[in-house]
Amino acid sequence: MKVHKEVSIGHIHLTVSDLERSLEFYRDVLGFEITARFETAVFLSAGGYHHHIGLNTWQSKNGNPPAPGTTGLFHVAILYPTRADLADALKRLVAGKVQLDGAADHGVSEALYLHDPDMNGIELYWDKPEAEWPRNADGSIAMTTQRLDLNDLINTKHGTESA
């Protein structure tokens, strides 16, 4: 039995070591808005949803990130509706002096890879129109990993959504 095709991931909840530092990243750099705040937790969203991102220090205040080579979350992927919106995110990262770990054109999407202040992996991406996705002869998706031209991306204007 398969999961229903309309199931989606609703939100992420991250343990962080410093709530204020994480807020500076998720609110001030990425642009999410606070929907609720408590002494040891904050909930943020895009567009007034109850929350897309939860941050807490319940068991992690002043803690350390997981050591390399340990299991855990590889990254969370945040989907932007258009290429222009992803370009706006890139501009925020540049203005916030956030270093990218990588950037890729996967054929089906374009993605920026980075880490938050607690070393949680983040992918910021937009999906290309499905009609543009590369396909194998049998119709299956032929994803690739090619270099993403960041200068081309950052110069994207609203209304020019195609890659």
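Worth knowing before you read on, the calculation uses all heavy atoms, side chains too, and leaves out hydrogens, waters and symmetry mates. Each residue takes its place number in the sequence, starting with 1.
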pair I34-L23: side-chain heavy atoms closer than 4.5 Å: yes
To the nearest 0.5 Å, tell me how far L153 CG sits from R83 CZ. 5.0 Å
Considering non-hydrogen atoms only, spot the tightest contact between R92 and D28 and give its length. NH1-O, 4.0 Å
Here the pair of heavy atoms bringing G54 nearest to F43 is CA-CD2, 3.9 Å
For the atom pair CD1 (I53) and NE2 (H13), what is the distance rounded to the nearest 0.5 Å? 11.0 Å
A quick test of your reading: do over 12 heavy atoms of other residues, nucleotides or ligands sit less than 6.0 Å from NZ of K91? yes
Separation of M143 CE from D105 CG (nearest 0.5 Å): 10.0 Å
According to ring-ring contact (aromatic ring centres under 6.0 Å, His included), who are the partners of H106, at least two apart in sequence or on a separate chain? none
Which atom names give the shortest non-hydrogen contact between S60 and V16, and what distance separates them? OG-O, 2.5 Å
Sequence neighbours left out, what passes ring-ring contact (aromatic ring centres under 6.0 Å, His included) with H11? Give chain and number order. H51
For residues L112 and L148, report the shortest heavy-atom separation together with the two atoms involved. CD2-CD2, 4.1 Å
Let me check something: do V29 and V76 share a hydrophobic cluster, defined by ILVMFWY side-chain heavy atoms less than 4.5 Å apart, either directly or through other members? yes
Student check: side-chain heavy atoms of T57 and N62 closer than 4.5 Å: no
Does S140 have any side chain to side chain donor-acceptor pair (under 3.5 Å) partners at least two apart in sequence or in another chain, and if so, which? N136, D138
I'd like to know if Y49 and L79 are part of one continuous hydrophobic network [Ile/Leu/Val/Met/Phe/Trp/Tyr, side-chain heavy atoms within less than 4.5 Å]. no
Using the test salt bridge (charged side-chain N to carboxylate O under 4.0 Å, His left out), find all partners of R27 that sit at least two apart in sequence or belong to another chain. none
Tightest non-hydrogen contact, residues Y125 and L86, listed as N-CD1, 3.9 Å
Output the distance between atom NE2 (H52) and atom NE2 (H50), rounded to the nearest 0.5 Å. 8.0 Å
Is there a donor-acceptor pair under 3.5 Å between the side chain of W58 and the backbone N or O of T15? no
Would you call L124 and L93 a side-chain contact if the rule is heavy atoms closer than 4.5 Å? yes
Sorted by chain and number, sequence neighbours left out, side chain to side chain contact (heavy atoms under 4.5 Å, CB included) with D116 holds for L14, F25, Y26, D118, N120, I122
Using a 4.5 Å cut-off on heavy atoms from C-beta on, say whether the side chain of S17 contacts that of N64. no
For L73, is the CG atom crowded, meaning more than 12 foreign heavy atoms sit under 6.0 Å from it? yes
Joint cluster assignment, Y80 & I12, ILVMFWY side-chain distance < 4.5 Å: yes
Would you confirm whether S22, through its side chain, and L19, through its main-chain N or O, come within 3.5 Å as a donor-acceptor pair? no
Write down the atom of T144, the atom of G107, and the distance for their closest heavy-atom approach. OG1-N, 3.8 Å
In the single-linkage hydrophobic clustering (I, L, V, M, F, W, Y; side-chain heavy atoms under 4.5 Å), do L150 and W126 co-cluster? yes
Working to the nearest 0.5 angstrom, can you tell me the gap between K61 NZ and T40 OG1? 8.5 Å
CG of L90 to CG of D85, rounded to nearest 0.5 Å, is 12.5 Å
What residues, two or more places apart in sequence or in another chain, satisfy side chain to side chain contact (heavy atoms under 4.5 Å, CB included) together with H75? A77, Y113, E123
